[in-house]
Protein chains: 2
Amino acid sequence: MGRVTRKESHAQTRERLVETAHRLFLSDGYNATSLDKVAAEAGFSKGAVYSNFATKHELGLAVLDVLHLERAMSLAAAVRDAETAEERIEAFARWAEDNIGDVGWTALEVEFATSNRHVKGIDQALAGRRRELTAAVADLIEQQATDLGLTLPLPAEDAAVQLLSLGIGLGVQRAFDPELPVTSLVDLLRSLLDRSRPAE
Amino acid sequence: MGRVTRKESHAQTRERLVETAHRLFLSDGYNATSLDKVAAEAGFSKGAVYSNFATKHELGLAVLDVLHLERAMSLAAAVRDAETAEERIEAFARWAEDNIGDVGWTALEVEFATSNRHVKGIDQALAGRRRELTAAVADLIEQQATDLGLTLPLPAEDAAVQLLSLGIGLGVQRAFDPELPVTSLVDLLRSLLDRSRPAE
DNA sequence: GTCTATAAATCGATAGAC
DNA sequence: GTCTATCGATTTATAGAC
């Protein structure tokens, strides 16, 4: 009864495959990484991949989920301890420098999305993830505004779309031109803050 | 002497190949389009492709140049006849709706950039094009500000980076979720305008 | 459930005829 | 300069052994 060895080892295999794919996709790209290499580096063979994922796309989507969770958690953690508005902006600036500035992440998401945009079913999976992510960012923004006692100049959802889109655009361009600074993300946030009014 | 038939037919072949690649890359994607198909649909065989382009990447870059020229011209044309600030914003809004809303363009650029980001030399080619495009948009912004007698709240170059990045981010997300509206581009432009001051 | 072996298909790039 | 034919390398996905 104590040993659920069957299910557990299956889950462990799956997790190690996702971890390995996560690393390889980030460093070499999604298209350039073969399932053979993923399996080998994870210490398995390709059969293990196909017993855990029906297609390469499914593995890709699983990696995207890890990516989203990582970023959401790191962003929330980054602004958690900040108090004043200026402290929060500075915390966000540091997070942006470390995360948007870290080129691989956005490039992978975008490579996967655009390369498979005509694959049936993938677009819906990506659309669902996009909406979740946008809602999560919107929640975070709203929470920050409440904390600071501010009313935003536009709906939190719209602000989230702006910040996410700008981050994607910057990340994509930095993938081939890392000299492009990420400061405009902070500029956008600051302009949102400047145009906010005290909540009544 | 009047007939430069050799050079001309070569240039014509090249042009038709780029046109066909332009169309197929947009509809099916860069990775999913084989050079064989490009050649066949253009009425040539693959040999003609390789006598005009050393690699598939070169053809891809040629298509990106066409894309950039198209967008730059259509944007400049869209705002040309507008007079008041509000008219210009509305002209830009229509352009954004027709262009950023038209999913294929951004997705192609971004698919090419991210899929080949580790191919030696491609990143420099893309970085050069990015800077040209940013400079062109910055020029357009500066010209508009001068026309309206306004001083922008930030350097035109920074505003160009913001608008381009936001456009890329929106275009990418709309590639798999076309319900995402492009209104935040107009919001950003309007906020730039609202924060501008009359030039002395 | 995982491994080995292989199928099946694709595609970029090259060689040589015309 | 373009075409035909083909190479050569890869990769996704499957079939069957263990």
Side-chain angles (χ1 to χ4, degrees), chain A residues 3-21 24-25 27-63 108 111-112 115-122 125, chain B residues 3-21 24-25 27-63 108 111-112 115-122 125:
Chain A
R3 35 183 163 124
V4 225
T5 337
R6 199 84 56 86
K7 261 189 191 167
E8 274 183 4
S9 85
H10 190 59
Q12 272 185 16
T13 306
R14 189 187 158 94
E15 194 178 348
R16 284 188 51 188
L17 286 171
V18 172
E19 273 173 22
T20 309
L24 291 176
F25 287 173
S27 63
D28 301 340
Y30 175 80
N31 291 304
T33 303
S34 72
L35 294 182
D36 223 341
K37 190 167 184 182
V38 172
E41 292 234 359
F44 297 95
S45 86
K46 221 168 17 174
V49 175
Y50 279 100
S51 87
N52 281 278
F53 303 94
T55 66
K56 189 182 180 182
H57 306 118
E58 272 197 21
L59 177 58
L61 287 174
V63 170
L108 172 56
E111 181 193 0
F112 183 82
S115 296
N116 301 315
R117 78 196 121 121
H118 290 315
V119 179
K120 191 183 141 34
I122 298 287
Chain B
R3 34 184 165 123
V4 225
T5 339
R6 200 86 55 86
K7 261 190 192 166
E8 275 183 3
S9 85
H10 190 59
Q12 272 185 16
T13 304
R14 188 187 159 95
E15 195 177 348
R16 284 188 52 188
L17 286 171
V18 172
E19 274 173 23
T20 308
L24 291 176
F25 287 174
S27 63
D28 301 338
Y30 175 80
N31 291 303
T33 303
S34 71
L35 294 181
D36 224 340
K37 190 169 184 181
V38 172
E41 291 233 1
F44 297 96
S45 85
K46 220 168 17 175
V49 175
Y50 278 99
S51 87
N52 281 279
F53 303 94
T55 65
K56 189 182 182 183
H57 306 117
E58 271 198 20
L59 177 57
L61 287 174
V63 170
L108 172 56
E111 181 192 0
F112 183 83
S115 297
N116 301 314
R117 80 195 117 121
H118 289 158
V119 179
K120 185 183 146 32
I122 298 287

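Chain naming here is simple, since letters A, B, ... match the order of the sequence lines and numbering starts at 1 in each. Fair warning: this is a prediction, and the values are worked out from it, not measured in the lab.
Atom CZ of A/Phe53 and atom C1' of D/dT14 are 18 Å apart (whole Å). In this structure, A/Asp28 atom CG and D/dT11 atom C1' are separated by 15 Å, rounded to whole Å. In this structure, the CG atom of B/Asn31 is 13 Å from the P atom of D/dT11, given to the nearest Å. Residue B/Arg16 contributes atom CZ, which lies 13 Å from atom C1' of D/dT2 at whole-angstrom precision. If you measure from atom CD of A/Glu15 to atom C1' of C/dG1, you get 17 Å, rounded to the nearest angstrom. Atom C1' of nucleotide D/dA13 and atom CG of A/Leu59 are separated by 14 Å, given to the nearest angstrom. One can place NZ of B/Lys56 at 14 Å from C1' of D/dT10, the figure rounded to the nearest angstrom. Spacing between atom CG of A/Leu35 and atom P of C/dA5 amounts to 19 Å, rounded to whole angstrom units.
Scored by the salt bridge (charged side-chain N to carboxylate O under 4.0 Å, His left out) test, B/Glu19 finds no partners at all (sequence neighbours excluded). Legend: residues meeting side-chain contact (heavy atoms from CB on, under 4.5 Å) with A/Ala39, ordered by chain and number and at least two apart, are A/Val49. Checked against salt bridge (charged side-chain N to carboxylate O under 4.0 Å, His left out), B/Glu15 has no partners two or more places apart in sequence or in another chain. Scanning for side-chain contact (heavy atoms from CB on, under 4.5 Å) contacts around B/Ser45 gives an empty result, with sequence neighbours left out.
A distance of 6.5 Å separates CZ in A/Arg16 from OG1 in A/Thr20, rounded to the nearest 0.5 Å.
Between the B/His57 side chain and the B/Asn116 main chain, no donor and acceptor come within less than 3.5 Å of each other.
A close approach under 4.0 Å does occur between a side-chain nitrogen or oxygen of A/Ser51 and OP1 or OP2 of C/dT2. Between B/Asn52 and D/dT2 there is a side-chain polar atom (N or O) within less than 4.0 angstrom of OP1 or OP2.
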Show me the donor-acceptor pairs, under 3.5 Å and distance only, between side chains in residues 28-35 of chain A and residues at least two apart or in other chains.
| from | atom 1 | to | atom 2 | distance (Å) |
| --- | --- | --- | --- | --- |
| A/Tyr30 | OH | A/Lys56 | O | 3.4 |
| A/Asn31 | ND2 | A/Glu111 | OE2 | 2.9 |
| A/Asn31 | ND2 | A/Ser115 | OG | 3.0 |
| A/Asn31 | ND2 | B/Ser115 | OG | 3.4 |
| A/Thr33 | OG1 | A/Gly29 | O | 2.6 |
| A/Ser34 | OG | A/Lys37 | N | 3.2 |

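Checked against C/dA13, C/dG12, C/dT2, the side chain of B/Thr55 finds its nearest nucleotide in C/dA13. Each of C/dT2, D/dT12, D/dT2 was ranked by its minimum atom distance to the side chain of A/Tyr50; first place goes to D/dT12.
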Under a 4.0 Å heavy-atom criterion, the protein footprint on nucleotides 3-8 of chain D, written with B, S and -, is BB----

